[in-house]
4 protein chains.
Amino acid sequence: MFLTVDAGDKQPIYLQIVDGIKALIACGQLREGMALPSVRQVAGDLGVNLNTIAVAYRQLQDEGLVTVRHGAGAVIASRRPRDIQPGELRKPLRTALTQLILAGLSDREILAAVREELAPLRQKGDSR
Amino acid sequence: MFLTVDAGDKQPIYLQIVDGIKALIACGQLREGMALPSVRQVAGDLGVNLNTIAVAYRQLQDEGLVTVRHGAGAVIASRRPRDIQPGELRKPLRTALTQLILAGLSDREILAAVREELAPLRQKGDSR
Amino acid sequence: MFLTVDAGDKQPIYLQIVDGIKALIACGQLREGMALPSVRQVAGDLGVNLNTIAVAYRQLQDEGLVTVRHGAGAVIASRRPRDIQPGELRKPLRTALTQLILAGLSDREILAAVREELAPLRQKGDSR
Amino acid sequence: MFLTVDAGDKQPIYLQIVDGIKALIACGQLREGMALPSVRQVAGDLGVNLNTIAVAYRQLQDEGLVTVRHGAGAVIASRRPRDIQPGELRKPLRTALTQLILAGLSDREILAAVREELAPLRQKGDSR
DNA sequence: GTGGTCTAGACCACG
DNA sequence: GTGGTCTAGACCACC
């Protein structure tokens with residue numbers, strides 16, 4: 001489990017953990033039915049408070065990505081066809097791309113960067 | 001000036017404004033030397049607090065995108081190569097791509113989405 | 001015995017079992033003097049922890065609905081008028097109705113839903 | 001604002017508050033666009049911790065019932081057609097009705113109780 | 001053992 | 001002023 005947090009980051013710790021676990025799910029390192037490490041273990045490993053992890057797990061549950069069973073740990077939920085509006089996902093993408101343009105990258109360079117980022121997120125070869 | 005803010009968004013208003021102005025710069029609608037509208041005018045147009053706009057302008061100044069001249073408003077700064085840490089720009093990109101993967105999009109679909117988003121950001125034809 | 005549990009439910013498993021048995025009693029499928037299946041059997045059938053079933057049975061005993069006889073299993077208790085505080089039963093009803101109102105149902109629709117739910121709970125014709 | 005909490009209740013305080021506010025919305029005492037009292041005020045009034053109220057408000061936001069704007073308080077959200085599966089709402093109703101049957105109430109008495117509970121939730125006369 | 005809730009108190013971010 | 005986050009530590013509920 002390769003989760004890291006940066007206390008100096010503008011993004012709150014609990015969201016960093018949420019994003020980290022989402023990435024692990026996306027790349028297949030965490031699959032449907034697999035158990036997540038316990039709240040206490042993650043808290044100990046990362047050196048953050050128990051509650052902070054609990055909030056992250058709760059968020060993942062609210063998004064339907066994991067099933068938390070009281071007294072029995074958390075497991076990756078069955079992957080549903082996710083009822084998200086595409087518009088919700090486009091906004092952060094647009095913002096990220098804008099930043100790259102302002103940094104002076106050409107379209108070609110940006111697409112290369114996207115491919116570079118995409119590759120490790122597809123390690124397990126389920127490139128649907 | 002086509003800036004909009006969504007009070008219901010989870011992103012703070014001042015950042016929505018920062019991103020909006022960045023997009024205008026990226027696509028060439030705002031060019032080096034052009035004056036930004038006054039804090040008061042933007043606040044009035046968008047119906048938000050004066051202070052909120054001031055914070056947004058301050059952020060743009062801190063990033064070196066605009067220069068605020070005391071008593072004379074803000075103008076778009078000369079485009080410098082900017083001292084960017086590439087990692088800083090990659091993180092939001094990675095998060096946005098992760099979300100698209102979790103939504104079930106294939107690599108092909110994601111690259112298409114990136115191209116779609118990139119196009120309007122290059123309206124003015126300066127595809128360096 | 002038609003009991004089911006849903007591990008993904010937010011309600012704890014032992015309460016799902018308690019509610020399930022209450023429903024069976026309410027509709028007459030379980031009557032005074034009838035024996036409940038053993039803790040072990042239920043646990044095996046549902047694939048849950050032995051202790052979980054024991055807690056459910058304990059709760060039913062505390063509410064006076066079943067009597068647990070040492071070494072001889074549990075049987076449905078004689079139906080007493082029960083010492084109920086009406087307020088205690090009204091609260092969950094009020095919460096459930098509030099949810100229906102927020103979902104946009106009219107009074108007419110809600111009463112229809114109540115009658116619909118009531119019918120199968122009166123299968124055995126003891127509509128006192 | 002008539003919110004009460006019972007520390008001895010089995011339901012957690014933050015959910016009691018969520019339910020209380022839902023009831024106020026359902027009966028029209030809180031309408032679209034109205035501001036909720038601040039987290040600090042509610043915490044003071046009820047004598048509970050700030051965080052507890054914050055969690056309740058966050059839950060209401062996650063359910064789309066209120067819009068929380070950082071630094072600017074919380075307001076009742078525009079009432080959307082709620083994308084709930086009716087099955088979700090039927091389960092608590094069924095459980096509540098089961099309890100009433102076990103208490104010995106007849107169908108007639110139960111329907112009377114439902115009408116009794118429904119009346120105060122329709123004070124403002126929008127019985128769609 | 002697991003996660004859930006609550007407290008007290010601190011500090012930050014937003015408008 | 002507002003809400004958001006985090007900590008430390010406690011106690012409870014569940015499996």
Side-chain angles (χ1 to χ4, degrees), chain A residues 5 7-17 35-43 46-61 66-75, chain B residues 5 7 9-17 43 46-56 59, chain C residues 5 7 10-17 43 46-56 59, chain D residues 5 7-17 35-43 46-59 61 66-75:
Chain A
V5 293
D9 196 333
K10 213 176 100 172
Q11 199 175 32
I13 294 174
Y14 83 96
L15 279 183
Q16 293 180 40
I17 292 165
L36 288 175
S38 82
V39 167
R40 282 172 176 80
Q41 187 185 327
V42 177
L46 299 180
V48 302
N49 190 279
L50 252 165
N51 279 336
T52 305
I53 311 298
V55 168
Y57 275 31
R58 179 171 186 173
Q59 166 101 15
L60 287 166
Q61 178 173 236
V66 312
T67 312
V68 180
R69 289 176 311 194
H70 198 149
V75 301
Chain B
V5 292
D9 197 334
K10 77 169 187 175
Q11 198 175 32
I13 293 174
Y14 87 99
L15 273 185
Q16 292 181 40
I17 292 166
L46 299 180
V48 302
N49 194 298
L50 258 171
N51 205 13
T52 305
I53 311 297
V55 169
Q59 166 105 13
Chain C
V5 293
K10 75 168 186 176
Q11 199 175 29
I13 293 174
Y14 87 98
L15 273 185
Q16 294 181 40
I17 292 166
L46 300 180
V48 302
N49 194 296
L50 258 171
N51 206 12
T52 305
I53 310 297
V55 169
Q59 165 106 12
Chain D
V5 293
D9 196 333
K10 213 175 101 170
Q11 199 175 33
I13 293 175
Y14 83 96
L15 278 184
Q16 294 180 40
I17 291 165
L36 288 174
S38 83
V39 167
R40 283 172 176 79
Q41 187 185 326
V42 177
L46 299 181
V48 301
N49 190 279
L50 251 166
N51 280 336
T52 306
I53 312 296
V55 168
Y57 275 31
R58 180 170 184 174
Q59 166 102 14
Q61 178 173 238
V66 311
T67 312
V68 180
R69 289 174 311 194
H70 198 150
V75 301

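In what follows, chains are A, B, ... by sequence order, proteins preceding strands, each numbered from 1.
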task: Taking the side chain as every heavy atom from C-beta outward, state whether A:Arg69 and A:Val75 have any atom pair closer than 4.5 Å.
output: yes
- prompt: Within the structure, does a side-chain N or O atom of C:Thr52 lie under 4.0 Å from either OP1 or OP2 of F:dC14?
  reply: no
query: Which nucleotide, in any strand shown, forms a Watson-Crick or G-U wobble pair with E:dA8, with both distances under 3.5 Å?
result: F:dT7
query: CD of D:Gln59 versus P of E:dC6: gap in Å, rounded?
result: 12 Å
field: Under-4.0 Å side-chain N/O to phosphate OP1/OP2 contact, A:Tyr14 with F:dC6
entry: no
- prompt: When you match A:Gln11 and C:Leu15 each to their closest nucleotide on DNA chain F, which lands nearer the 5' end?
  reply: A:Gln11
- prompt: Taking the nucleotide of DNA chain E with the closest heavy atom to each, which residue, B:Asn49 or A:Ala74, is nearer the 5' end?
  reply: A:Ala74
- request: Working to the nearest 0.5 Å, report the span between CD of A:Gln41 and CG of A:Leu36.
  value: 10.5 Å
query: How about A:Lys10 and B:Leu15: do any of their side-chain heavy atoms sit closer than 4.5 Å?
result: yes
task: Give the C-alpha distance, both sets of side-chain angles, the deciding distance and a yes or no for side chain to side chain contact (heavy atoms under 4.5 Å, CB included) between A:Arg58 and D:Val55.
output: CA-CA 12 Å; A:Arg58 179 171 186 173; D:Val55 168; 4.1 Å; yes
task: Using whole Å, report how far NE2 of A:His70 lies from P of F:dC14.
output: 7 Å
query: Atom NZ of C:Lys10 and atom C1' of E:dG3: how far apart are they, to the nearest Å?
result: 16 Å
message: What's B:Ile13 touching, base or sugar-phosphate or nothing? Going by heavy atoms closer than 4.0 Å.
response: sugar-phosphate
task: For D:Ile53 and F:dG4, give me the distance from atom CD1 to atom P, rounded to whole Å.
output: 13 Å
query: Which comes earlier along DNA chain F counting from the 5' end, the contact point of D:Gln41 or that of A:Val55, where each point is its nearest nucleotide?
result: D:Gln41
- request: Hunt down the Watson-Crick or G-U wobble partner of F:dC14, both distances under 3.5 Å, from any strand shown, or write none.
  value: E:dG1
message: Quick check: do D:Ile17 and D:Leu46 have side-chain heavy atoms less than 4.5 Å from each other?
response: yes
query: Where the side chain of D:Ala72 is concerned, which of E:dG15, E:dT2, F:dA8 is the nearest nucleotide?
result: E:dG15
query: Rounded to the nearest Å, what distance is computed from the CD atom of residue A:Gln16 to the C1' atom of nucleotide F:dT5?
result: 12 Å
Donor/acceptor link under 3.5 angstrom from D:Arg40 side chain onto base of F:dG3: yes
message: Please pick, from E:dG4, F:dC6, E:dA13, the nucleotide with the shortest atom-to-atom distance to any side-chain atom of A:Pro12.
response: F:dC6
message: Looking at A:Asn51 and E:dG3, is any side-chain donor or acceptor paired with a base atom of the opposite kind under 3.5 Å?
response: no
- prompt: Which whole-number value in Å describes the distance from A:Leu50 CG to E:dC6 P?
  reply: 16 Å
query: Tell me: CG of D:Leu36 to C1' of F:dG3, nearest whole Å?
result: 12 Å
